[in-house]
Amino acid sequence: MTNRIVKGVFAGFIGTLALSALMILKAAMGLMPQMNAIKMLTVIAHGMLGTPLTPVVGWLLHFMIGSLVWGVSFSLLFERLPSQAPILKGLIFGTAAWVLMMIVVMPMAGAGLFGLYLGLGTPIATLVLHWAYGAVLGGVYGRLGATRLVTGHPHA
């Protein structure tokens, strides 16, 4: 089980790197500047924990959530997710993470349910970002040999 969790954390970290690159690219292109996940996480952490209002806090939380929370969760749920393809499992998982973000994190950040206070493009853009994260998460996890032998047959 420990090996599976380590693989999940690593895959989550690589997925978070990919997601972060897309977030930085989106910001550099000037697309949806009102949707800044790092700023949202910074504000939430400040309000809940009294942390400093610095982007470093938001980035640390972003990588902790993507690597530890989602990476470990994916590793534990991997065999229960539908599909045999690890990338598709990651897309399904990314969609579930997106739903949680839309109904929990966005309202906590003051962006409203599904982030609609930031505009109609917010749920769409964040879904695409979560799909990218999920695809990389699943792909990396699958490449790390996530299959295991239970009854002599590999489960992917």
Contact check, side chains of [X] and [Y], non-hydrogen atoms, under 4.5 Å:
X	Y	answer
T54	T42	no
M102	T126	yes
F114	T122	no
V140	K7	no
N36	M40	no
V57	L41	no
L100	M106	no

If you measure from OG on S75 to CG on N3, what distance do you get to the nearest 0.5 Å?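 Spacing of OG (S75) from CG (N3) equals 10.0 Å.
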Inter-residue atom distance W131.CH2 - L137.CG, 0.5 Å rounding: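 The CG atom of L137 is 16.0 Å from CH2 of W131, to the nearest 0.5 Å.
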Closest non-hydrogen atom pair, [X] against [Y]:
X	Y	answer
I87	G139	CG1-CA, 3.6 Å
S67	T16	N-OG1, 3.8 Å
G119	P123	O-CD, 3.6 Å
T51	H46	O-ND1, 2.6 Å
A125	M35	CB-CE, 4.2 Å
S73	F93	CB-CZ, 3.8 Å

Same hydrophobic cluster for V56 and V43, using side-chain heavy-atom links shorter than 4.5 Å among ILVMFWY?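 The answer is no; the residues belong to distinct hydrophobic clusters.
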Are I44 and V99 linked, directly or through intermediate hydrophobic residues, by side-chain heavy-atom contacts shorter than 4.5 Å (ILVMFWY only)?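 Same cluster: V99 reaches I44 through Ile, Leu, Val, Met, Phe, Trp or Tyr contacts under 4.5 Å.
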May I ask you to decide if L81's main-chain N or O and K89's side chain share a donor-acceptor pair within less than 3.5 Å?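 Present.
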Within the supplied structure, the quantity of interest is the number of heavy atoms (other residues, nucleotides, ligands) at a distance under 6.0 Å from F10 CZ; does it exceed 12?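 Atom CZ in F10 is not packed in, count stays at 12 or less.
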More than 12 non-hydrogen atoms from neighbouring residues, nucleotides or ligands closer than 6.0 Å to CE on M64, yes or no?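 Open: at most 12 neighbouring heavy atoms sit under 6.0 Å from CE of M64.
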Look at the rings of Y141 and F78 and say which category their plane angle falls in: under 30° parallel, 30 to 60° tilted, over 60° perpendicular.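 Rings of Y141 and F78: tilted, as their planes differ by 30° to 60°.
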Relative to the ring of F63, is the ring of F13 parallel (under 30°), tilted (30 to 60°) or perpendicular (over 60°)?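 Tilted, since the angle between the ring planes falls between 30° and 60°.
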Determine, stepwise, if the pair W70 / Y133 fulfils ring pair (Phe, Tyr, Trp, His ring centres under 6.0 Å). CA-CA 10 Å; W70 295 130; Y133 169 81; 7.9 Å; no
Distance only, no hydrogens: is a donor on one side chain within 3.5 Å (strictly under) of an acceptor on the other, for S20 and H62?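 Judged by distance alone, the side chains do pair up.
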